[in-house]
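Keep in mind that this is a model prediction, so the values were computed, not measured. Quick note on labels: first sequence line is chain A, next is B, and so on, each numbered from 1.
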Amino acid sequence: MIIRLYSRYRTRVTTNLLSIPSLNHCSQCGFSSPLSTSTQLTRQQVNCIPQIPNLDAHTGARFLQNCIINGDLASGKTLHCHFLKAGGGLDLFGWNILLNLYVKSELLSDARNLFDEMPSRNTVSFVTIIQGFSEFPDVESVKLFVRLHREGHELNAYVFTTVLKLLVNMECGELAANVHGIIYKLGHCSNAFVGTALLDAYSSCGCVRMAREVFDCISCKDMVSWTGMITCYAENGYFKDAFCFFSQMRMLGFNPNNFTLASLFKACLGLEEIEVGKSLHACVIKTCYETDPYVSVSLLDLYTKSSDIEAARRVFEEIPKKDVIPWSFMIARYSQSDRCEEAVRLFCRMRREPAVPNQFTFASVLQACATMGNLTLGKQIHCHVQKVGLDLFVHVSNALMDVYAKCGLINNSIELFRESENKNEVSWNTLIVGNVNLLNWDMALTLFSDMLNDHVQSTEVTYSSVLCACANLTVLETGAQIHSLTIKTLFENNVIVANALIDMYAKCGNIKHARLAFNMIRQKDVVSWNAMISGYSMHGLGNEALRMFNMMRKTNVKPDQLTFVGVLSACSNVGLLNEGEAYFTSMVNDYSIEPCMEHYTCMVSLFGKLGQLVKAVDLINQIPGEPSVMVWRALLGACVIHKDLELGELSAKRVLELEPQDESTYVLLSNMYASAKRWDNVALVRKNMKRKRVKKEPGLSWIENQGIVHYFTVGDSSHEDIRLIYGMLEWLNLRIKKAGYVCNHDVILLDVEDDEKARLLWVHSERLALAFGLVSTPSGCPIRIMKNLRICLDCHVVFKFISKIVKREIVVRDINRFHHFEDGVCSCGDYW
DNA sequence: CGGCAACTAA
């Protein structure tokens with residue numbers, strides 16, 4: 001009864017006040033409703049407020065309380081004016097309510113002004129204002145806490161929950177330890193609110209053990225405390241403990257709510273317990289939490305990460321009023337899981353809904369554009385984000401740069417990069433990766449050195465891309481310098497960087513260092529193993545490659561398609577017929593990997609090398625679809641070795657059907673005719689080459705010495721040390737002739753005398769590079785030469801002789817592989 | 001008059 005009367009009285013007060021007409025509009029100052037402005041009240045506005053008779057502090061406070069309940073800011077402000085004009089009339093209790101009204105209405109500067117102008121303040125005033133600013137935390141809020149303490153106000157539980165939340169928002173949870181001391185002294189530890197806030201602060205900075213200690217001290221743990229502890233475990237990777245605490249909580253009779261469930265889904269993901277997640281999903285449906293924004297998004301996370309994107313889609317469609325987060329989430333996950341069309345479709349659908357895309361949405365849909373190479377859509381979105389100013393977000397501009405780079409318009413990316421005011425390391429990476437993908441390796445390295453000059457921190461992406469550029473340029477010394485940079489910046493143990501190092505060393509001809517880089521990796525992944533296996537195979541060290549594969553099988557890293565490309569090519573290099581066939585069968589039967597064109601190529605090459613040409617042809621006939629040019633080339637190579645003219649002609653024909661301008665095929669064909677003494681055919685090949693205007697790619701060999709790359713073409717005389725080089729060549733010529741070398745004139749396809757042929761052979765680019773290496777490096781140190789074409793047959797013979805005479809290891813990387821010449825033998829076994 | 005716990009992302 002009493003309550004009824006009281007509430008009727010409250011209603012009457014409210015009605016009375018609001019019915020004063022001049023409160024709502026004043027013709028003099030245009031002050032209509034204080035709601036319309038969030039600025040501080042002007043003197044004039046205050047003067048316009050008529051005096052409300054008989055308004056004592058108690059009534060005022062009650063009225064303001066009502067304003068908070070009804071969200072009636074306008075009346076609250078009006079009352080504020082009244083009290084300002086009256087020069088008082090509210091007590092501290094009332095002022096605090098008004099302060100709270102401003103905070104709840106998010107009028108923070110008004111709140112701050114009121115706080116400073118209030119006649120007096122107590123703990124509640126401080127707590128209220130600090131909470132108001134906790135969303136935008138800065139030092140000012142901490143200062144307020146210090147002031148509260150210094151002015152001697154009561155340090156109650158509210159103060160600590162508020163300040164702890166502030167610390168979490170400021171991302172300095174570790175400072176909680178200091179506050180913990182005061183809390184302990186004042187005996188607030190057992191309070192559930194304080195305890196949970198403290199627990200959360202410790203959790204936010206990863207101090208799980210301290211969080212647990214705090215939790216144990218809470219005397220009456222409520223559901224929120226339990227949930228806080230579960231969340232702490234889930235967020236810090238203690239997924240099992242999260243579940244253990246959940247069951248303890250259930251045994252005490254507490255029911256999980258949306259907070260608890262969201263954390264449990266995170267734990268499910270961490271444990272990869274998708275089935276548990278599904279049963280929790282059932283629980284979510286039963287408790288009607290399915291539409292909760294947090295719970296639904298954690299479900300989306302669970303299903304997309306466990307690659308059940310269809311289940312995620314079903315959850316997504318069930319969310320009734322989707323805000324930007326679920327939309328962005330799904331678009332992002334579609335973009336990342338190679339379902340770019342779906343991402344774009346969803347984006348278009350989103351545009352017809354009330355949800356407004358933000359920078360995350362655009363970054364994701366641009367990522368999809370980049371992957372698809374959809375320049376048209378990319379440009380449209382570029383215009384749009386520019387219009388709404390979202391291109392200022394670094395992630396959006398990076399995604400735009402990526403779109404242009406992936407569509408081949410690298411200059412547009414560079415322009416965007418230059419204009420962008422917000423750059424980060426990802427912006428640099430995008431440009432570097434873009435250039436690497438477009439085979440602009442020099443440009444990638446130039447950008448990297450600009451990046452170093454700008455003092456931008458490199459990341460694993462930077463290092464792996466520039467190392468890839470080094471590998472393709474075969475610049476060992478630059479690669480080694482970058483290696484030392486990775487050590488300095490503590491990136492050498494990063495598995496992605498280390499994999500790139502293996503590849504770089506292997507491709508630059510230093511297989512021993514590749515192995516050292518491999519050995520350094522603690523958590524080797526499939527890429528590490530593949531890089532090492534194919535590295536060995538590339539260097540003709542087939543047995544070593546197979547040993548690697550057998551080591552790999554003892555780990556829990558699963559071999560993939562590329563692993564078997566390495567393994568089978570190793571078998572082919574060494575000529576291990578039975579092993580090769582066994583691995584090929586095992587790949588299909590034990591590892592369920594369908595053979596791809598590269599696998600067939602390796603097998604054809606393996607059969608071919610051992611002279612089993614019938615088997616090779618049989619296998620080619622088994623290939624589903626059209627055999628690739630690589631397959632035919634492998635067969636042609638085999639025919640050259642085993643002098644099968646008929647099959648050789650056929651395979652050369654197939655190669656030239658697919659690549660009519662392939663010079664090396666003409667050379668092989670001609671060699672084959674020459675060794676069969678079919679001179680008319682040799683002439684025919686030559687004529688054909690002329691008629692089809694086969695572009696002869698100029699042969700180029702290069703060698704790196706003290707950071708400088710020296711290039712040589714055939715008969716090159718431009719090098720500054722050319723006299724020394726020719727002197728060395730002459731000496732070598734004499735020495736190897738004495739050792740039994742006979743010139744192979746058939747290699748030269750020109751119609752000239754044999755003497756001239758011999759002279760032409762002696763100025764081949766690889767020989768010039770070798771001679772330069774011999775005169776410019778100390779004796780005994782290995783020489784690494786790169787060539788852009790296949791090494792010439794005669795040079796191959798010569799290099800074997802020279803390696804024995806000068807007692808040096810000579811490494812030649814031609815377009816296909818590495819040749820290690822040592823003591824008169826080549827690692828390729830004369831088959832390549 | 002004031003308090004504790006949860007979601008995406010290049």
Task: Heavy-atom protein contacts under 4.0 Å, nucleotides 2-7 of chain B, coded B base, S sugar-phosphate only, - none - done: BBBBBB

- [ ] Starting at atom CG of A:N424, determine the distance to atom C1' of B:dA10, rounded to an integer number of angstrom.
- [x] 9 Å

Task: Interatomic distance, A:I319 CD1 vs B:dT8 P [rounded to whole Å] - done: 13 Å

Open item on the list: Going by side-chain contact (heavy atoms from CB on, under 4.5 Å), name the residues that satisfy it together with A:D308, two or more places apart in sequence or in a different chain.
Closed with: A:K278, A:Y303, A:S306, A:E310, A:A311

- [ ] Please list all pairs passing the side chain to side chain donor-acceptor pair (under 3.5 Å) test where one or both residues lie in residues 170-193 of chain A, with sequence neighbours left out.
- [x] A:H180-A:Y202

- [ ] Could you tell me which residues satisfy ring-ring contact (aromatic ring centres under 6.0 Å, His included) with A:F347, sequence neighbours excluded, listed by chain and number?
- [x] A:F362

- [ ] Assign A:Q359 to base, sugar-phosphate, or nothing according to its heavy-atom contacts below 4.0 angstrom with the strands shown.
- [x] nothing

TODO: In whole angstrom, give the distance that lies between atom CZ of A:R333 and atom C1' of B:dT8.
DONE: 7 Å

TODO: Could you list all the side chain to side chain donor-acceptor pair (under 3.5 Å) pairs where at least one residue sits in residues 382-398 of chain A, not counting sequence neighbours?
DONE: A:H382-A:Y404, A:N398-A:N424, A:N398-A:S427

Open item on the list: Rounding to an integer number of Å, can you tell me how far A:L390 CG sits from B:dA10 C1'?
Closed with: 14 Å

Open item on the list: Whole angstroms only, please: what is the CZ-P distance between A:F417 and B:dA10?
Closed with: 20 Å

- [ ] Calculate the interatomic distance between A:F265 atom CZ and B:dT8 atom P; express it in whole Å.
- [x] 14 Å

- [ ] For a side-chain contact (heavy atoms from CB on, under 4.5 Å) with A:Y102, tell me which candidate from A:L114, A:N113, A:L108 qualifies.
- [x] A:L114

Less than 3.5 Å apart, which donor and acceptor atoms pair up between the side chains of residues 366-374 of chain A and the rest of the protein, not counting sequence neighbours?
from, atom 1, to, atom 2, distance (Å)
A:T371, OG1, A:Q367, O, 2.9
A:N374, OD1, A:T376, N, 3.4
A:N374, OD1, A:L377, N, 3.0

